[in-house]
Protein chains: 2
Amino acid sequence: MIVKTKPPFKLSSSDETDRLGEIYRAAALLICEKGYDATSMNDIAEAVGLTKAGIYHHIEGKRDLLFRIMNFGMDELDENVIFPARAVADAELRLRAIIANHARLIISHITPQGYNPVTIVVEETAGLTPEHRGKIDQRKRAYVDLIRDTLKQLEKEGKLRDVDVTVATFSLLGAVLWLSRWYHPDGSLTPEQIVEEISKITLGGLLRPHFAPQR
Amino acid sequence: MIVKTKPPFKLSSSDETDRLGEIYRAAALLICEKGYDATSMNDIAEAVGLTKAGIYHHIEGKRDLLFRIMNFGMDELDENVIFPARAVADAELRLRAIIANHARLIISHITPQGYNPVTIVVEETAGLTPEHRGKIDQRKRAYVDLIRDTLKQLEKEGKLRDVDVTVATFSLLGAVLWLSRWYHPDGSLTPEQIVEEISKITLGGLLRPHFAPQR
């Protein structure tokens, strides 16, 4: 059943941004559930209560949709994780901010299905053109570099355990990103408890005992 | 270019198993690179040097292919990680065996493209029928339960840090599974060094300092 929840007038810039976010999230959910090829522009329009003409007002077609969803996911990462972290001079506080803010970002958009579709779609760059894939890979690399540089700074300060910085970077990323697949809003822990637990677990494996929480 | 590397005689049981594994790995790689819908049985036949008739000797069609690849991945997990771990009575040694053997399994089949396609395809159960998805989810749950029970045993023995067992289980799984996406065979660390590092990092976050490696 098609339910059109929005009138077809021109949206203001901020509304437009919100509306695009809503469209990207709905499209990512459909892609996770049905696969990219099986998801049509009509399906997406229906999911967000737009007519077919309405959806084409926002998005020119499926060809660029994946790239747009991934850039949307990376924009959210910039805004909520990367930019705030770059403003923190102290490496330990920066690492704590990265873990907590990234976990919070993922949890904040877990669907009732029990996963975060945008985070999952961002992992799958195979469907992109080589040029678009290069751009997304570059944005991901910037995040990896931020974590790696932070760990290197901690190493210099004597705060890092004797671990390989590259393995540490990706182990941390894996532990945090996996939240997008297992965290369920009906679980017994609140989002902030999850953030605290995942911070404790990952920091415990990276920081020397003197610095990590000792419980 | 189609290169047929195998004569079309009937294979012995062990050869047949090896051949099926080769076909599943090649199919998973194509699915990761092109997507499931864009991958044809012809593409898979070509990738493993079989004729179209040859591939249908092994696999009835694309419909069950995803399910077969996932069961193949879970069979490998059973054989290399789950069954050996169940034979270890001591919880700490069992946890160490799980991490090391799972990391080894993932690394052993990283392609020159820099990822493990079977491990990645096993994550994507959306393309399955509900019945098949239920079966794969059940096998995954058995693995999650093994890790969770091991951590609960460590908790009883006073060896686990004060962390939530569920968050710990999935953080560990995320850190290890992420190997399938970032480890590159051209990197500077050997597979065994990676296994050692990822063990040190994940155990450091889970075991109390008295038990975790103190370096």
Side-chain angles (χ1 to χ4, degrees), chain A residues 30-38 66 103 113 115 117 120 123-127 144 161-184 187-189 193-210 212-215, chain B residues 30-38 66 103 113 115 117 120 123-127 144 161-184 187-189 193-210 212-215:
Chain A
L30 285 167
I31 289 168
C32 286
E33 287 190 332
K34 304 171 63 166
Y36 173 74
D37 289 290
L66 265 184
Q113 289 82 356
Y115 56 89
I120 291 172
E123 292 168 17
E124 312 301 337
T125 50
V144 168
R161 283 176 189 262
D162 179 26
V163 295
D164 180 81
V165 166
T166 299
V167 181
T169 299
F170 287 107
S171 299
L172 173 60
L173 257 176
V176 174
L177 284 170
W178 206 245
L179 266 174
S180 62
R181 294 177 182 265
W182 71 265
Y183 174 71
H184 203 287
S188 60
L189 296 183
Q193 284 173 321
I194 299 275
V195 168
E196 196 192 323
E197 289 296 322
I198 207 160
S199 299
K200 221 174 6 174
I201 292 164
T202 52
L203 290 167
L206 298 175
L207 300 181
R208 285 190 186 279
H210 178 65
Q214 289 297 309
R215 291 197 281 182
Chain B
L30 285 167
I31 289 168
C32 286
E33 287 190 333
K34 303 171 64 165
Y36 172 74
D37 290 291
L66 264 184
Q113 288 83 355
Y115 56 89
I120 290 172
E123 292 168 17
E124 312 301 337
T125 50
V144 167
R161 283 177 188 262
D162 179 25
V163 295
D164 179 81
V165 166
T166 300
V167 181
T169 299
F170 288 106
S171 299
L172 173 61
L173 256 177
V176 174
L177 285 169
W178 205 245
L179 266 174
S180 64
R181 295 178 181 264
W182 72 264
Y183 174 72
H184 203 287
S188 60
L189 296 183
Q193 284 173 321
I194 299 274
V195 168
E196 196 192 324
E197 290 296 322
I198 206 158
S199 299
K200 221 176 4 177
I201 291 164
T202 51
L203 289 167
L206 298 176
L207 300 182
R208 285 193 187 276
H210 178 65
Q214 290 296 308
R215 291 195 284 182

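What you are looking at is a predicted structure, and each value in this text was computed from that prediction instead of being measured. Proteins come first, then strands; the chains are lettered A, B, ... in the order of their sequence lines, and each starts at number 1.
Annotation for A:Asp37 and B:Ala38: closest pair OD2-N, 4.3 Å, computed over non-hydrogen atoms. For B:Asp162 against A:Glu197, the heavy-atom pair with the smallest separation is O-OE1, 4.4 Å. Of all heavy-atom pairs spanning A:Ile201 and B:Ser171, the tightest one is CG2-CB, 4.2 Å.
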For B:Thr166 and A:Trp182: C-alpha separation, side-chain torsions, deciding distance, then whether side-chain contact (heavy atoms from CB on, under 4.5 Å) applies. CA-CA 10 Å; B:Thr166 300; A:Trp182 71 265; 4.1 Å; yes
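Rounding to the nearest 0.5 Å places OG1 of B:Thr202 at 10.5 Å from CG of A:Leu206. Atom CH2 in B:Trp178 sits 4.0 Å away from atom CD in A:Glu123 (nearest 0.5 Å).
Contact annotation for A:Leu177: only side-chain heavy atoms (C-beta onward) come within less than 4.5 Å of a heavy atom of chain B. A:Leu189 touches chain B through its side chain: at least one heavy atom from C-beta onward sits under 4.5 Å away, while N, CA, C and O do not.
The choice from A:Arg181, A:Lys34, A:Glu33 that makes the most heavy-atom pairs within less than 4.5 Å of chain B is A:Arg181.
Judged by distance alone, with hydrogens and angles left aside, the side-chain atoms of A:Lys200 form no donor-acceptor pair with the main-chain N or O of B:Asp164 at under 3.5 Å.
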